[in-house]
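Below, chain A is the first sequence line, B the second, and so on; all start at residue 1.
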Number of protein chains: 2
Amino acid sequence: MDPASGFLPAKHNHRRCVEDALKTAEDVCRRRGQRLTEQRRQVLELVWQAHMPMRAYDLLDKLKKVHRAAAPPTIYRALDFLIANGLIHRIESLNAFVGCGDPEHAHAGQFLVCQDCHAVAEMADPGVATLLKKKASQHGFFALRQTVEIFGLCPACAENHGGDHTAMSAAAK
Amino acid sequence: MDPASGFLPAKHNHRRCVEDALKTAEDVCRRRGQRLTEQRRQVLELVWQAHMPMRAYDLLDKLKKVHRAAAPPTIYRALDFLIANGLIHRIESLNAFVGCGDPEHAHAGQFLVCQDCHAVAEMADPGVATLLKKKASQHGFFALRQTVEIFGLCPACAENHGGDHTAMSAAAK
DNA sequence: CACACGATGTTATGATGTTGCAAACGGAGC
DNA sequence: GCTCCGTTTGCAACATCATAACATCGTGTG
Ligand SMILES: [Zn+2]
Ligand SMILES: [Zn+2]
Ligand SMILES: [Zn+2]
Ligand SMILES: [Zn+2]
């Protein structure tokens, strides 16, 4: 099962979940002739450990604990590499990064971001991507890349609000 | 016609286009009991003048020419006000701002951003917004706000590339 | 006028991201 | 092993983006 899709099962074997992601990353990089160096692997691991959108400087702080010399370029280079290889995605509206559960296949992801608990889930719905590309082309626009980020309430947090949609729409202002 | 939708007609009366936008903004604010102060009006005018995504500090530099005391908070406060009233939109992946052609009605916009000339067009396709909300809800997610930004080539720039899609797809990597 | 409230001025600081150059590393070929 | 060369990393400085905190001003209301 793809560990990044959908919101987390209430309890999952997270240690295993991170290990699998790292294993997959190694496979992907080896097949592509890319070097998943120790630094890059560590940054990827930090991103997966959190299972939350992680900001660059938060990652930097954590990385410094195992690597005192780490500096901003250290982290941004690693992030660039991981993004280029589809191992993580950047959430533009948060300036943050999340692991991708399916780095083997290029895809346009759509992200569901909870305003309450900040959890993020990735949909990679080809129908959505196709529709956007088609709508764009109706405006004479040739689409190459998509950023789709949806803010709202995840299942758990919607539940906590009692499913009270009037209250929620008030909160939404 | 909505001046912000679609890419610009080859030549349009831009002076008129800006005037109309400011006029509409005044109407909207008056009806809502919001104060479109001189500073806010000037920032809105600068955004519309450019007809391009404008970054905060670019706007600040321009604003300083008519208002020496302007500082970062000056511009960000004006931008916050304009966004809150739907007069401009923020393009997250560019950290930039564009005018909205339809501030009277709340809407989820989808933005087409040209990688070549940096022009931006806004689609406000309710079908897209509805589909995203529906897809999200299928994942148990209650959607409140959407960010949709599509990168690619605008009609003019696609044309300049000779409509050569093989070359473009190569460039797209 | 007195007051309240929103808007602006001002300084400083925090947060995010990049450039440029030198040194170290690592695989390919000899 | 050794050289060569492209990639990766170290490091310092810089560039860009955004907010905090608090004082002051302006405007409308009673
Ligand atoms: Zn996990
Ligand atoms: Zn949540
Ligand atoms: Zn709009
Ligand atoms: Zn263009």
Rounded distance (Å) that lies between atom C1' of C:dT16 and atom CG of A:Asp58 | 11 Å
Does OP1 or OP2 of C:dG9 have a side-chain N or O of B:His67 closer than 4.0 Å?
-> yes
Quick one: CD on A:Gln146 to CG on A:Leu131, what's the gap to the nearest 0.5 Å?
-> 9.0 Å
Base, sugar-phosphate, or nothing for A:Arg68, non-hydrogen atoms under 4.0 angstrom?
-> nothing
Only residue of A:Leu79, A:Leu82, A:Val18 satisfying side-chain contact (heavy atoms from CB on, under 4.5 Å) with A:Leu44 is A:Leu82
Would you tell me if any nitrogen or oxygen in the side chain of A:Tyr76 comes within less than 4.0 Å of OP1 or OP2 on C:dG17?
-> yes
Residue mapping more 5' on DNA chain D - nearest nucleotide basis, A:Pro73 or B:Asp80 = A:Pro73
Specify the separation, in whole Å, of atom CG of A:Asp61 and atom C1' of C:dT16.
-> 13 Å
Short side-chain N/O contact to D:dT16 OP1/OP2 from B:Arg55, under 4.0 Å = no
A:Arg90 side-chain N/O to C:dG17 phosphate OP1/OP2 under 4.0 Å | yes
Interatomic spacing from SG in A:Cys154 to CG in A:Asp116 - rounded to 0.5 Å = 7.5 Å
Using only side-chain N and O atoms of A:Asn95, determine if any of them is under 4.0 Å from OP1 or OP2 of C:dA15.
-> no
Could you state the atom-to-atom distance from OH of A:Tyr57 to P of C:dT18 in whole Å?
-> 10 Å
Would you call the rings of A:His14 and A:His51 parallel, tilted or perpendicular, where under 30° means parallel and over 60° means perpendicular?
-> tilted
Roughly how many Å is it from NZ in B:Lys64 to C1' in C:dG9, rounded to a whole number?
-> 14 Å
Side chain of A:Gln39 (C-beta onward), nearest among D:dC17, D:dG10, D:dA20 | D:dG10
Pick the nucleotide of DNA chain C nearest each of A:Ala56 and A:Arg35; which residue has the one closer to the 5' end?
-> A:Ala56
Check whether any side-chain nitrogen or oxygen of A:Arg77 sits under 4.0 Å from OP1 or OP2 of D:dT7, and answer yes or no.
-> no
Among D:dT8, D:dG10, C:dT8, the one nearest A:Thr37 by side-chain distance = D:dT8
